[in-house]
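So the structure is just underneath, and the comments pick up after that.
Computed from a predicted model, the values in this text were never measured in an experiment. We count ligands from 1, going down the list as the structure has it; atoms in each ligand are counted the same way.
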Amino acid sequence: MGGFFGVASHRDCILDLFYGTDYHSHLGTVRGGLAVRDDRALTRVIKDITNAQFRSKLEHELGHLRGCAGIGVISDFEDQPLIIGSHLGVYALVTVGRIANLETLCAELFKNRRTHFSEMAGQTINPTELVATLINLGDSFEEGIRYAQDVIEGSCSLLLLTNDGIYAARDRLGRTPVVLARKADARAVTMETCALPNLDYDIERYLGPGEIVRLTADGAETVRPALDAMQICAFLWVYYGYPASSYESINVEVVRNRCGAALARADHVTVDLVAGIPDSGTGHAIGYANTVDVPYGRPFVKYTPTWPRSFMPQDQRVRDLVAQMKLIAIDDLIRGKRLLFCEDSIVRGTQLKDTIRRLFASDAREVHMRPACPPLVFGCKFLNFSRSRTALDLAARRAIQQLGDGDDQLADYTDPDSDSHARMVEHVRRELGLTSLQYQRLPDLVSAIGLPKEQLCTYCWDGAEPCAGCGTHTAHAASTGMHARPCALPA
Ligand code: SF4
């Protein structure tokens with residue numbers, strides 16, 4: 001998916017920028033980069049972080065960087081930041097999101113024969129360069145960013161470093177968070193608020209959907225007010241957000257504890273030990289264990305000295321190997337026990353199947369699984385964190401296919417009270433070799449997060465998205481909730 005951090009300061013900002021960006025390392029595994037502006041020019045550094053962490057790759061560059069304003073990015077795909085020369089001036093740009101209509105936008109731009117893309121190292125157009133091209137169509141940064149936000153389908157939040165400060169823009173539907181922070185002599189903008197306390201920043205406010213601000217060392221000026229409709233990604237709280245972070249003022253770990261508590265309240269199984277699949281299952285498991293008053297334990301521990309990262313390499317075979325090497329079973333906590341595991345979600349299920357096999361090989365008596373969210377039925381088309389995944393990679397979707405049903409039956413499978421849903425869950429349970437499997441119900445997940453359903457993206461689970469019939473969901477959301485399909489109302 002990726003994450004970014006920016007600083008505008010009255011003094012040199014490099015250390016804040018470096019560590020602030022580093023606190024987004026759980027969000028991406030491909031590129032890490034910084035761009036800094038001093039009195040004379042913009043300087044940038046981009047490193048490949050596929051085999052080593054951002055910090056170790058960029059640490060030795062710090063001595064060469066100097067400046068009072070900068071932006072940094074952890075990218076899961078393209079090289080960034082980019083430094084762009086344009087009629088608006090020279091600027092640096094980082095983006096997070098997914099441009100679903102990239103090919104259409106490029107085709108439109110090519111029509112006038114005055115556009116080209118130069119960042120073609122991966123043989124594909126660099127999405128951040130496309131965003132820069134769209135911004136350059138405006139008469140000002142404000143107008144260009146607004147235009148890019150309006151024409152991009154999918155999502156795009158960005159930081160743009162100029163001579164006059166940093167423009168920070170949150171995606172039109174606020175799928176990713178963007179947060180402003182301050183300390184005595186500097187202002188910062190971040191996606192993850194866990195980047196702030198150790199750098200002495202306090203949260204100032206959360207940008208609204210589509211909001212654009214210009215940040216200087218003295219404050220933030222709103223250049224486009226927030227829009228009404230929001231679709232922040234609910235999966236942030238469940239899985240890929242960092243436990244110490246908050247979005248919309250709601251802390252991730254607190255939500256995970258509430259998710260676990262909701263799972264426990266809906267459950268009737270008797271077990272000896274509750275555990276989390278490390279790391280993101282841990283918060284859910286603590287919430288479960290505290291609710292049922294069963295000991296919480298760690299039958300698996302992670303070998304963190306050399307396998308510290310929560311996100312995995314993109315190559316699936318390497319991912320499976322890393323997953324296997326990283327987790328070490330503690331037989332004394334497994335042998336003869338009825339174990340209940342909380343997991344953030346079941347995506348492909350491949351690694352989980354191996355984990356369950358290892359538990360039974362260590363003589364577990366029973367293994368029960370409680371994912372903190374409903375079955376993943378739809379691949380994400382709004383963010384880039386699941387780029388290589390087709391919907392049929394998803395364990396639940398595979399089960400539906402193996403049960404002989406097609407896409408026209410999906411709505412039935414997402415109804416947790418339907419027979420189809422029960423058959424799908426049973427199919428996944430058998431595939432994984434579990435004693436029992438019970439997923440979180442979507443209303444319980446929504447209530448654990450604490451935002452109204454219509455402000456959350458829950459597309460992964462129920463296929464609901466902003467209505468294509470009326471163009472917006474807000475007017476209808478209050479009375480009808482989100483539409484799983486386009487409604488018949490006029491635009
Ligand atoms: S589809 Fe899922 S992962 Fe993507 S934005 Fe929506 S909730 Fe998040």
Centres of the Tyr242 and His26 rings: under 6.0 Å?
yes
As an exercise, identify every atom of ligand 1 less than 4.0 angstrom from a heavy atom of Cys460.
1 (S), 2 (Fe), 3 (S), 7 (S)
Look only at the side chain of Lys353 and the backbone of Gly433, and say whether a donor-acceptor pair between them is shorter than 3.5 Å.
no
Near Tyr459 (heavy-atom distance under 4.0 Å), the atoms of ligand 1 are 1 (S)
Backbone N/O of Ser436 and side chain of Arg429: donor-acceptor pair under 3.5 Å
no
Indicate whether any N or O donor in one side chain lies under 3.5 Å from an N or O acceptor in the other, for Thr133 and Asn136.
no
Under 2.8 Å from atom 4 (Fe) of ligand 1, is there an N/O/S atom belonging to Cys233?
no
